[in-house]
Amino acid sequence: MSTVTRAADTVLDRTLLGYGNIGYLLRRTWWPEDPAPDALAGKVAVVTGAKAGLGKATAIGLAKLGATVRIAIRGDGDAARAEIERAVPGSRIIADHCDVSLISSVRDYAKNLDGEVDVLVHNAGVMPAERTETAEGNELMLATHVLGPHLLTASLRPKLADGARVIWVSSGGMYGQPLRADDLQYRRDEYKPAAGYARTKRMQVVLAELWADRLDGSGVTVHSAHPGWADTPGVATSLPTFRKLTGPLLRNPEQGADTFVWLAAAEEPGRYNGMFWHDRVQRPTHYLGKTRETAAQRQELWQACERLTGAKTDSP
Ligand SMILES: NC(=O)c1ccc[n+]([C@@H]2O[C@H](COP(=O)([O-])OP(=O)(O)OC[C@H]3O[C@@H](n4cnc5c(N)ncnc54)[C@H](OP(=O)(O)O)[C@@H]3O)[C@@H](O)[C@H]2O)c1
């Protein structure tokens, strides 16, 4: 990237103008090369929450590059599988049941999954209007964005192929929140959906870094990324006012999912580990000094994830 495009890219990032489709359309004129058309031939990718929105777009993008895609979804997956197969004729899509918010479901899913996994995309996401707990007693966003993905990574670890990539789908909203390892279940403060969402999205970025440390040298790389702002069923349901205000500026799901597909398949990200990305560029994980966490807080998060999921991974 030249100095001029780097400066333009940074302005788009810091002003948030880059989060919408303008960012995608401008940056694609200068960003790194697309993966080779058959980059994922013979590979297996797992994408959670791929029934709609960015997850479905990611599954389509990975299938186009030749991957067999296992969509890990709750409820009936036939319609989503058929839709992805129609979008990518000749593709191999397998619909698996996995409720990412439930420890029991994630454990069963990982145990029963046959064969190796080359790409694991932690995409499933929610933003409930009221504080909600799963049947297992965990706050729903913590369960879906943090605990389920942590356990899935730990449980699939023996099945992750050499060269595998694990991608955590976070959000630019995490920039506004520090790591709150002291109140993981969001019991102390008054519940605000966007704040709780951003807290768990911050946790995802930290966990991705901790997993990257832990797996360093193992042949598996771990990254987190944010999609910008994309028009998806989730945004329509959870953020209707935001959607109304930003309407024509929103990305389509394919544009939002671009970096996840690129991280899974391109050569460049395989040379790094534990980075945070948006539009194929590494991004800072903090803009505000007050959001920086300590090493002790990071360890607290890791240990809480181990305790709450029953995963038995050594500390990174
Ligand atoms: N769209 C954006 O602008 C934006 C911005 C920043 C970050 N993100 C992140 O991108 C990811 C996808 O968001 P999206 O906008 O595509 O959302 P979406 O349209 O609501 O899609 C989310 C998908 O996740 C699935 N899901 C939710 N909970 C699940 C669970 N417990 N187990 C399995 N699947 C589950 C949903 O399936 P059901 O039909 O079963 O509920 C749905 O298919 C999320 O992690 C979100 O935080 C999105």
Side-chain angles (χ1 to χ4, degrees), residues 16 18-21 23-24 46-61 70-77 79-81 83-84 95-106 108-109 121-128 132-136 138-149 151-152 167-176 193-194 196-205 208 224-240 242-243 245-247 249-261 276-279 283:
L16 306 187
Y19 281 40
N21 51 22
Y24 173 88
V46 170
V47 185
T48 68
K51 214 195 278 177
L54 297 174
K56 189 170 78 184
T58 302
I60 290 172
R70 307 191 74 118
I71 52 172
I73 55 189
R74 50 185 182 181
D76 182 15
R81 182 177 48 73
E83 240 183 290
I84 299 167
D96 293 325
H97 175 79
C98 180
D99 184 333
V100 179
S101 70
L102 293 175
I103 305 299
S104 50
S105 181
V106 171
D108 286 350
Y109 173 55
V121 184
H122 294 305
N123 164 79
V126 283
M127 195 200 297
T132 308
E133 287 190 359
T134 67
E136 296 172 338
N138 292 308
E139 190 279 319
L140 186 60
M141 289 190 283
L142 177 77
T144 310
H145 302 156
V146 179
L147 300 180
L151 181 61
L152 191 54
I167 297 150
W168 293 67
V169 175
S170 181
S171 162
M174 69 96 195
Y175 280 120
Y197 174 83
R199 284 181 180 197
T200 55
K201 291 288 159 183
R202 165 67 68 192
M203 291 175 208
Q204 290 187 310
V205 172
S224 57
H226 83 84
W229 299 326
D231 193 5
T232 63
V235 166
T237 310
S238 303
L239 299 169
F242 170 78
R243 182 170 182 257
L245 291 173
T246 51
L249 295 175
L250 291 175
R251 296 171 180 225
N252 63 36
E254 185 187 350
Q255 294 169 341
D258 171 85
T259 295
F260 314 141
V261 175
F276 181 57
W277 302 77
H278 173 55
D279 280 349
R283 306 287 170 188

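Here, residue 1 is the first one in the sequence, and each next residue gets the next number. Each ligand, and each atom within it, is numbered from 1 in the order the structure gives.
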Looking at A80, G55, A230, the heavy atom closest to atom 2 (C) of ligand 1 belongs to A230
One residue to check: V235. Relative to ligand 1, which of side chain, backbone, both or neither has a non-hydrogen atom less than 4.0 Å away?
side chain
Would you say that N21 contacts Q255 through its side chain, given a criterion of any heavy-atom pair below 4.5 Å between the two side chains?
yes
Can you find an N or O of G172 that's nearer than 3.5 Å to an N or O of ligand 1?
no
Can you report which non-hydrogen protein atom sits closest to atom 32 (N) of ligand 1, along with the distance?
V100 N, 3.0 Å
Of the side chain and backbone of C98, name the one, both, or neither that has a heavy atom under 4.0 Å from an atom of ligand 1.
backbone
Sub-4.0 Å atoms of ligand 1 with respect to non-hydrogen atoms of P233:
19 (O)
Does G228 reach ligand 1, in the sense of a heavy atom lying below 4.0 Å from it?
yes
Nearest heavy atoms of I84 and A59, plus distance in Å
CD1-CB, 3.8 Å
Please verify whether a non-hydrogen atom of D99 lies at under 4.0 Å from ligand 1.
yes
Provide, to 0.1 Å, the distance between atom 21 (O) of ligand 1 and the closest protein heavy atom, together with that atom's residue and name.
A52 O, 4.2 Å
Would you check whether A50 has a nitrogen or oxygen atom less than 3.5 angstrom from a nitrogen or oxygen atom of ligand 1?
no
Donor-acceptor contact below 3.5 Å, side chain K201 vs main chain V169
yes
From F276 CZ over to M174 CE, what is the distance, rounded to the nearest 0.5 angstrom?
3.5 Å
Backbone N or O of H278 within a donor-acceptor pair of the R283 side chain at under 3.5 Å?
yes
Can you name the atoms of ligand 1, numbered from 1 with element, that are less than 4.0 Å from a heavy atom of K201?
44 (C), 45 (O), 46 (C), 47 (O)
I'd like to know whether ligand 1 has G256 as a neighbour, heavy-atom separation below 4.0 Å.
no
Quick one: does R74 get a heavy atom under 4.0 Å from ligand 1?
yes
protein heavy-atom neighbour closest to atom 12 (C) of ligand 1 works out as N123 OD1, 3.2 Å
What are the atoms of ligand 1, with element, lying closer than 4.0 Å to any heavy atom of V169?
9 (C), 10 (O), 11 (C), 45 (O)
Stepwise side chain to side chain contact (heavy atoms under 4.5 Å, CB included) test for R251 and D258:
CA-CA 11 Å; R251 296 171 180 225; D258 171 85; over 6 Å; no
Measuring from D99:CG to T134:OG1, what's the distance to the nearest 0.5 Å?
8.5 Å
Heavy-atom nearest neighbour in the protein, as seen from atom 19 (O) of ligand 1, with distance rounded to 0.1 Å:
G234 N, 2.8 Å
Check for a donor-acceptor pair, side chain of E136 on one end and backbone N or O of S104 on the other, with a separation under 3.5 Å.
yes
With a cut-off of 4.0 Å, which atoms of ligand 1 are near a heavy atom of V126?
27 (C), 28 (N)
Identify the protein heavy atom lying closest to atom 15 (O) of ligand 1, giving its residue, its atom name and the separation to 0.1 Å.
T232 OG1, 2.5 Å
Should G75 be listed as contacting ligand 1, given a heavy-atom distance under 4.0 Å as the test?
no
Sub-4.0 Å heavy-atom approach of K56 to ligand 1:
no
Between H145 and Y197, how do the two ring planes meet: parallel, tilted or perpendicular, split at 30° and 60°?
perpendicular
Taking the side chain from N123 and the backbone from T48, do they hold a donor-acceptor pair closer than 3.5 Å?
yes
Atom 26 (N) of ligand 1 [closest protein heavy-atom partner, distance rounded to 0.1 Å]
A124 CB, 3.9 Å
Considering only protein heavy atoms, which is closest to atom 25 (C) of ligand 1, and at what distance to one decimal place?
G49 CA, 3.6 Å
In terms of atom number and element, which parts of ligand 1 are under 4.0 angstrom from non-hydrogen atoms of P227?
4 (C), 5 (C), 6 (C), 7 (C), 8 (N), 48 (C)
What do you reckon, does S170 put a non-hydrogen atom under 4.0 Å from ligand 1?
yes
If you measure from CD on E133 to CG on L140, what distance do you get to the nearest 0.5 Å?
10.0 Å
For the OG atom of S101 and the CZ atom of R74, what is their distance to the nearest 0.5 Å?
6.0 Å
Heavy-atom contacts with W229 under 4.0 Å: which atoms of ligand 1 show up? List them by number with element.
3 (O)
Can you tell me how far the OG1 atom of T58 sits from the CZ atom of F260, to the nearest 0.5 Å?
6.0 Å
Taking T200 for the side chain and L142 for the main chain, is one N or O donor matched with an acceptor at less than 3.5 Å?
no
Parallel, tilted or perpendicular: which describes the rings of W229 and F242, with under 30° parallel and over 60° perpendicular?
perpendicular
I'd like to check S105 versus V100 (side-chain heavy atoms, cut-off strictly below 4.5 Å). Are they in contact?
no
Can you find an N or O of I73 that's nearer than 3.5 Å to an N or O of ligand 1?
no
Pull out every atom of ligand 1 sitting under 4.0 Å from any heavy atom of Y197, numbered as shown with elements.
6 (C), 7 (C), 8 (N), 9 (C), 46 (C), 47 (O)
Below 4.0 Å, non-hydrogen atoms only: which portion of H226 touches ligand 1? Side chain, backbone, both or neither.
neither
Number the atoms of ligand 1 from 1 as they appear, then name those within less than 4.0 Å of a heavy atom of S101, with their elements.
31 (N)
Short version for L54: what comes under 4.0 Å of ligand 1, heavy atoms counted, is both
P233 versus A52, closest heavy-atom pair with distance
CG-CB, 4.0 Å
M127 side, atom CE; T144 side, atom OG1 - distance, nearest 0.5 Å
12.5 Å
For ligand 1, is there an N or O atom under 3.5 Å from any N or O atom of S171?
no
Would the distance check show the side chain of D96 and the main-chain N or O of I71 forming a donor-acceptor pair, the cut-off being under 3.5 Å?
no
For ligand 1 and K51, I'd like to know whether there is a polar contact (N/O to N/O, distance under 3.5 Å).
yes
For atom 36 (C) of ligand 1, is some protein heavy-atom partner under 4.0 Å away?
no
Closest to atom 24 (O) of ligand 1 by heavy-atom distance, out of A143, G125, A236, is G125
